[in-house]
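These notes concern the structure reproduced below.
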Amino acid sequence: MNDLLAILPELAVTLTAAVVLVVDLAVKGPGRLRALSLVALAGLLVAGIAARPGVIVTPYTAFNGFVVVDEFTQFFRVLFIVLAFIAVLAAEEYSARRQLPYAELIATLLFSTLGAMTIALSGDLITLFVGLELMTIPVYVLAGMQRRNPFSNEAALKYFLLGAFSTAILLYGFAWLYGLTGSTELRGIAAGLASTGLTGPVLVALALVTVGLSFKAAVVPFHQWTPDAYDGAPTPVTAFMSVAPKAAAFAAILRLVGVALQPLQIDWTVAFAVLAALTMTLGNVVALAQPSVKRMLAYSSIAHTGYIAAGVAAAQAGPQAWAGVLFYAFAYGLMNIGAFAALMVLDTEGTRGAALDDLRGLARRAPWPALAFTVLLISLTGLPPTVGFWAKVFVFLPALDAGLGWLAVIMALNAALAAYYYLRVVVYMYMLDPEGAVPDLAPARLVGAAVGLTAIASIVLGIWTDPLYSWAVSAAAPILR
Amino acid sequence: MDFIAPLIFVILAAIVVAGGLAVVLLPRITGSALSMGLSFLGMAGLFALLGAETIAFFQVLIYVGAITVLILYGVMLTGVAPAGADRRLFFQKQAGWALVPLKFVGVVATVFALSFQSNVVQQPGGDLEPLANAVFRDYAFPFEVASVLLLAAMIGAIALVKRGDD
């Protein structure tokens, strides 16, 4: 019974997905989509209550060590549930316009969320792997849900092929780890590696695992699938897949590096720092040249991956480095899903994500969404008083403490680059007039709610930062022994 | 006798690799599907060599049997491109000739691999009971997550192919 209590939020999400499919059969007529949304949102709310911070007094394991429930688990559970909540809010009107199979879309989204949550709670490579698959396979489907759209097909196929490829590499690395240590449990691997030390085969395993997880997190040079997959997928799906799988990949990296590989005492600093610098620079430079805002956001999400990786690189600075990683992952999730949702306000038949020119004069046509989008863009840029500013600070300071002065300089330069292309969108919305006839904006109350919620959260967490940060600190504690 | 197991391993591994190559290189999809069956058969032999008869059995039953046949059915139902000019590369005919004896060797090797493991102590009731214990007790959590994964994949597949109103 204790075992089932340990996975209460996961059970709630699974049940919600099942109920969504049944409600889809039972309810007919015009209220069907709204009923499905309400069921999904209610289920996620229940899951969120079950995973609320402060429930876990002492960390414990369940299911023979396959499940680890600690503050780290709770942090990511809440993050994924919040992201799924916003994604469901943003998906309904878009799906209705594009006639996507809504019940299947929601159920698949919930299954993917469940997979991400499973990664967060895994105390074993087997759980980690099935969780990873449960997270990514539904996203392949989600990316291709707009079947008649060739870009959606391209997105699904590219994501599927490279995703399957990277999964194979990762699994091969796991097999090496198991072969070397005789255990799939993370602590068992740690014990095994403590006795073998850093040998050649261990390096092979580490290389395979690092490459596999870098693919999932879209770290340069393993990012090639990202722009087309994000750009072609239906926008609500892009919003979700740009945040949840990335955060989950970093959850997996932290668990592996912090628990399983901890006895090796390797200096990750240089490797991760170089990857981080490459990732943020390439993402930002290419984002500068994008005429489509959706594609710009896709490239900028690569740049944000670089910032998160910089936090991982700064591990030597002490516990606050990984607390910074967690904080950045949370903040990035909120800001980015909100920014993609803001694009859906503009969604009209025949456009494929907003071109920069479509945004001209948006502030006059839709003042509130434009304001919320501006807040989110400012937060993504990293200007105060938003949560994005603090996220940058919390990875910037540990980087300095860890002696990575050059990385800190690159981070600052990149923030300036990012300011150019993020704030250019604001200029288009507020200072330029539309050219020619503009299509009417589709009614988008739920999308508006999603954008508004994330924008308000960006400001509230930017001013009242401490609760989230101290939660991130306590969540990073179990993986720093 | 120590050299026999490595020898069988090399033969089986060669079959697996040759089958995999043939999947990629053969011009006809039916040939690729059958080569994949051959590759799976070699894998079953490898499992048998490791003393995992249950897995070898499932490998033959599910992969060699069900999945290969499923793919052949898929090819049959979707229609194959009409047989036109001979577009085979110069070595493919020879490869075909080489593969037939290889397959025969594979079958023989599988039989041998199974018989060489007969000295492994068998538990009463076979190894099904430990399997059940592993799947439903020790590894219950990942097993259940995997079943949710299959459900999700099924729903996703239906969502992608069902004829809707679009």
Side-chain angles (χ1 to χ4, degrees), chain A residues 3-4 6-7 10-11 13-14 17-18 20-21 62-67 98-105 107-112 114-115 117-119 121-149 152-153 156 184, chain B residues 6 9 13 16-17 19-21 23-24 29 32 36 39-40 43 46-47 49-52 54-55 58-59 62-63 67 71 74 78 129-166:
Chain A
D3 280 0
L4 289 184
I7 55 165
E10 284 75 23
L11 289 177
V13 173
T14 316
V20 162
L21 291 170
F63 290 100
N64 297 314
F66 283 106
V67 172
R98 305 284 169 112
Q99 290 173 345
L100 302 183
Y102 188 58
E104 286 86 349
L105 188 143
T108 320
L109 188 86
L110 290 172
F111 282 130
S112 181
L114 179 69
M117 291 163 77
T118 308
I119 293 173
L121 58 67
S122 53
D124 192 291
L125 289 185
I126 298 178
T127 328
L128 189 66
F129 184 72
V130 283
L132 199 68
E133 287 299 274
L134 182 54
M135 177 182 74
T136 43
I137 289 177
V139 180
Y140 304 150
V141 176
L142 287 173
M145 256 203 188
Q146 214 165 326
R147 288 186 305 170
R148 296 298 159 103
N149 182 331
S152 182
N153 298 347
T184 56
Chain B
F9 169 77
V16 173
V17 173
L21 278 176
V23 171
V24 182
I29 188 116
S32 293
M36 198 171 71
S39 190
F40 287 152
M43 280 306 296
L46 287 178
F47 284 132
L49 195 65
L50 289 170
T54 315
I55 300 180
F58 281 130
Q59 175 84 11
I62 295 170
Y63 282 90
I67 292 194
I71 289 175
T78 49
E129 195 180 321
L131 184 77
N133 276 334
V135 168
F136 297 114
R137 199 185 56 203
D138 301 343
Y139 293 82
F141 183 74
F143 183 72
E144 291 305 323
V145 177
S147 54
V148 175
L149 169 62
L150 287 180
L151 176 67
M154 221 152 60
I155 293 166
I158 292 169
L160 283 183
V161 300
K162 82 171 178 187
R163 284 181 205 279
D165 32 19
D166 60 344

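In what follows, chains carry the letters A, B, and so on, assigned in the order in which the sequence lines appear, proteins first and then strands, with residues in each chain numbered from 1. Below, each value reflects all heavy atoms present in this structure, side chains not excepted, and no hydrogens, waters or symmetry copies.
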Under 4.5 Å heavy-atom distance to chain B, tell me which part of [X] shows up: side chain, backbone, both or neither.
| X | value |
| --- | --- |
| A/Leu121 | side chain |
| A/Val130 | both |
| A/Leu142 | neither |
| A/Ile7 | side chain |
| A/Leu114 | side chain |

> Can the ring centroids of B/Phe141 and A/Phe63 be said to lie less than 6.0 angstrom from one another?
Replying inline: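 Yes, ring centres under 6.0 Å apart.
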Do you know which two heavy atoms are closest between A/Met145 and A/Leu100, and how far apart they sit?
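Residues A/Met145 and A/Leu100, closest heavy atoms: O-CD2, 3.8 Å.
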- Item | Plane angle bin for B/Phe136 and B/Phe143 - parallel if under 30°, tilted between 30 and 60°, otherwise perpendicular |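 Geometry flag for B/Phe136 against B/Phe143: perpendicular rings.
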Let me see the working for A/Val141 and A/Glu104 under side chain to side chain contact (heavy atoms under 4.5 Å, CB included), right down to the final yes or no.
CA-CA 10 Å; A/Val141 176; A/Glu104 286 86 349; over 6 Å; no
Checklist entry - Heavy atoms, side chains only, cut-off 4.5 Å: are A/Glu10 and B/Val145 in contact? => result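 Side-chain contact under 4.5 Å: no.
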